[in-house]
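Given the structure is predicted, the values throughout are model-derived calculations rather than measurements. Residue numbers begin at 1 in each chain, while the letters A, B, ... track the order of the sequences.
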Number of protein chains: 2
Amino acid sequence: MATMPPTPPEASVADAAQATPAFSPLYQQIKSLILQSLETGEWKPGEAIPSEMDLAARYRVSQGTVRKAIDELAADNLVVRRQGKGTFVATHSEQHVQYRFLKLMPDSGDRDDEGPAQRTVLECKRVRASAEVARALALRTADSVVQVRRVLSFSEVPTIVEDLWLPGNAFKGLTADQVAGYHGPTYAMFEVEFGVRMVRAEERIRAVAADSTIAALLGVAPGTPLLSVERVAYTYNDVPMELRRGFYRTDTHHYRNELN
Amino acid sequence: MATMPPTPPEASVADAAQATPAFSPLYQQIKSLILQSLETGEWKPGEAIPSEMDLAARYRVSQGTVRKAIDELAADNLVVRRQGKGTFVATHSEQHVQYRFLKLMPDSGDRDDEGPAQRTVLECKRVRASAEVARALALRTADSVVQVRRVLSFSEVPTIVEDLWLPGNAFKGLTADQVAGYHGPTYAMFEVEFGVRMVRAEERIRAVAADSTIAALLGVAPGTPLLSVERVAYTYNDVPMELRRGFYRTDTHHYRNELN
DNA sequence: AAGTGGTCTAGACCACCCG
DNA sequence: GGGTGGTCTAGACCACTTT
């Protein structure tokens with residue numbers, strides 16, 4: 001790499017232009033090169049990336065260095081290793097953990113017991129970003145955004161009502177049918193239909209009283225305490241690509257979190 | 001290790017009795033040996049553990065294998081590495097992240113801006129475990145537990161009221177003064193005074209309406225929506241050592257969570 | 001200068017998966 | 001059997017901290 005001290009003979013990645021001027025360990029530089037290829041879609045969600053040996057040859061470093069780079073990518077859930085098969089680009093489809101970002105669990109039993117959520121899309125329209133939405137999505141006020149409102153039911157019981165705001169640019173042509181009809185997680189649909197891969201998210205959780213609209217949609221009395229979950233989901237490079245606010249009933253479910 | 005295949009010449013840890021009968025990689029076995037020493041208190045919170053070289057010699061494996069074991073312990077927050085100085089047993093004291101398990105944040109600014117929480121202990125008494133408490137703490141109903149009720153205020157505003165239940169056996173002699181007067185996190189006090197180290201926790205979060213008691217303590221109207229945060233904290237080996245239920249005001253604060 | 005963790009390499013073998 | 005990721009070793013040097 002361009003910034004390497006002259007330690008190993010031949011360890012110069014004679015490749016494309018360097019995008020990492022600051023000094024960092026070799027494996028970090030390899031990591032960001034791999035990251036670039038993920039961003040540009042050289043390897044697509046669900047596909048295998050080249051083997052460690054191939055990558056080592058490509059970047060002119062040892063297998064161990066590539067390994068350490070991939071280790072970190074795997075720890076970040078950007079990539080999944082499967083012994084004997086290869087390393088694969090992570091995807092919200094087929095990933096055994098359906099609903100990776102949904103932490104609401106039934107009070108007893110697994111989420112699998114209830115089967116998949118039933119989705120009812122109430123609204124899907126193009127609007128101008130409010131100041132709040134613009135701030136969360138790093139847009140300018142009045143930029144075009146797609147707004148979706150939907151209800152999620154578990155075992156026929158409406159449990160979540162949520163609004164989604166998506167940058168209009170990246171989600172041109174999104175329809176209510178797409179949101180409602182896709183089999184599998186909505187984030188998987190975003191990958192397939194729009195090439196947008198959500199990589200991480202941040203949530204702010206509050207307790208609020210249901211207003212009459214939300215109460216009617218959830219079939220509870222107005223004033224019922226609900227969890228308000230505000231989520232910003234990010235693609236690569238910490239670019240925000242979705243704002244979501246959900247109201248969760250917590251009479252039969254709870255938000256589960258693990259602390260380390 | 002006893003279960004090693006005959007690969008490396010001399011890789012038999014001619015040490016104490018094996019506690020890991022099942023097959024597993026060498027570094028995993030080393031990891032659990034280190035873990036045992038942490039549990040038994042051979043190295044105490046805040047102290048340095050032996051250097052990688054020393055551990056490699058002690059277990060008769062290469063430095064790289066010890067390194068990988070320690071890497072995992074560091075990822076689990078059981079141990080902290082400091083380049084040039086050594087590897088240290090993690091502690092809730094002096095750990096730069098004060099309040100490692102408290103995810104409630106002021107809506108604007110850092111938690112440091114408010115300074116440390118003011119604690120008011122309302123109650124600290126020995127009681128018999130209810131069925132619910134017994135289940136959470138893996139005790140028998142009517143076993144002795146210590147129950148604490150306290151209020152946490154930020155910037156003079158009462159924001160959290162929480163109840164703690166602790167196994168009576170491990171927390172003999174806990175007093176209200178100890179809980180209120182200790183400088184630093186309560187979990188740090190548990191380490192110093194009772195040798196109990198909390199290693200991870202699970203939380204179940206719900207939205208509930210404040211009853212009149214809680215409302216009075218928090219200075220809000222009865223019926224105000226509050227976050228109910230139920231936490232079980234574990235020491236080593238997944239042994240539960242604390243049940244805690246907190247009611248959080250979320251008018252000026254929010255529960256912040258990061259999803260990966 | 002000495003000691004610690006951190007990086008990098010090179011080579012060997014193991015465990016797993018598939019054709 | 002050949003490919004992939006996973007483990008283990010041995011040795012070199014770097015970066016940081018302390019004496």
Side-chain angles (χ1 to χ4, degrees), chain A residues 1-13 20 22-34 43 47-75 78-90, chain B residues 1-13 20 22-34 43 47-75 78-90:
Chain A
M1 318 297 299
T3 58
M4 270 296 294
T7 313
E10 276 298 351
S12 62
V13 180
T20 321
F23 170 83
S24 69
L26 233 199
Y27 76 89
Q28 287 284 5
Q29 302 177 42
I30 303 301
K31 182 183 175 185
S32 30
L33 288 176
I34 297 176
W43 314 305
E47 290 180 7
I49 72 174
S51 74
E52 295 177 353
M53 289 290 286
D54 288 352
L55 289 171
R58 166 164 168 177
Y59 299 128
R60 311 278 237 95
V61 299
S62 79
Q63 191 195 1
T65 300
V66 170
R67 169 167 287 272
K68 182 145 189 180
I70 295 181
D71 277 346
E72 292 207 351
L73 292 170
L78 295 172
V79 117
V80 177
R81 324 188 74 142
R82 284 185 224 155
Q83 180 170 154
K85 301 185 68 176
T87 301
F88 297 79
V89 181
Chain B
M1 321 296 298
T3 58
M4 271 295 294
T7 314
E10 275 298 354
S12 62
V13 179
T20 323
F23 170 83
S24 68
L26 233 199
Y27 76 88
Q28 287 285 4
Q29 302 178 42
I30 303 301
K31 183 183 175 186
S32 32
L33 288 176
I34 297 176
W43 314 305
E47 291 180 5
I49 72 174
S51 73
E52 295 179 353
M53 290 290 287
D54 288 353
L55 289 172
R58 166 165 168 176
Y59 299 128
R60 311 277 236 98
V61 299
S62 79
Q63 191 194 1
T65 300
V66 170
R67 169 167 286 273
K68 181 145 190 180
I70 295 181
D71 277 347
E72 293 208 350
L73 293 170
L78 294 172
V79 116
V80 177
R81 324 189 74 143
R82 285 184 222 155
Q83 180 170 153
K85 301 184 69 175
T87 301
F88 298 78
V89 182

Distance (rounded to the nearest 0.5 Å) between B/D71 CG and B/T87 OG1
9.5 Å

Protein N or O to nucleotides 16-19 of chain C N or O, pairs below 3.5 Å:
unit_1, atom_1, unit_2, atom_2, d
C/dC16, O4', A/Q83, OE1, 3.2
C/dC18, OP1, A/K85, NZ, 3.4

Spacing of CD1 belonging to A/I49 relative to CG belonging to A/L55, to within rounding of 0.5 Å
5.5 Å

Between C1' on C/dG11 and CE on A/M53, what's the gap in Å once rounded to a whole number?
11 Å

Near-strand residues of residues 62-75 of chain A, defined as heavy-atom separation under 4.0 angstrom from DNA chain D:
A/R67

B/I70 versus B/E52, closest heavy-atom pair with distance
CD1-CG, 4.0 Å

NZ on B/K31 to CG on B/L78, rounded to 0.5 Å
7.5 Å

Provide, to the nearest angstrom, the distance between the CD1 atom belonging to A/I30 and the C1' atom belonging to C/dC8.
11 Å

Round to a whole Å and report the spacing from CD of A/E52 to P of D/dG6.
7 Å

Can you tell me how far C1' of D/dT18 sits from CZ of B/F88, to the nearest Å?
12 Å

Could you check if a side-chain atom of B/Y59 sits within less than 4.5 angstrom of a side-chain atom of B/I34, using non-hydrogen atoms only?
yes

Closest heavy-atom contact between B/A69 and B/Y27?
CB-O, 3.4 Å

For A/Y27 and C/dG5, give me the distance from atom OH to atom P, rounded to whole Å.
16 Å

Nearest 0.5 Å, please: how far is CZ in B/R60 from CG in B/L26?
12.5 Å

Quick one: pull up CD in B/Q63 and OG in B/S51 and give me the separation to the nearest 0.5 Å.
8.0 Å

With a cut-off of less than 4.0 Å, is there a side-chain N or O of B/R81 near OP1 or OP2 of C/dG6?
yes

Calculate the interatomic distance between B/Q29 atom CD and D/dC8 atom C1'; express it in whole Å.
12 Å

Out of D/dC8, D/dT9, D/dG5, whichever nucleotide has its closest atom nearest the side chain of B/P25:
D/dC8

In short, B/R81 meets B/R67 closest at the heavy-atom pair NH1-O, 3.8 Å

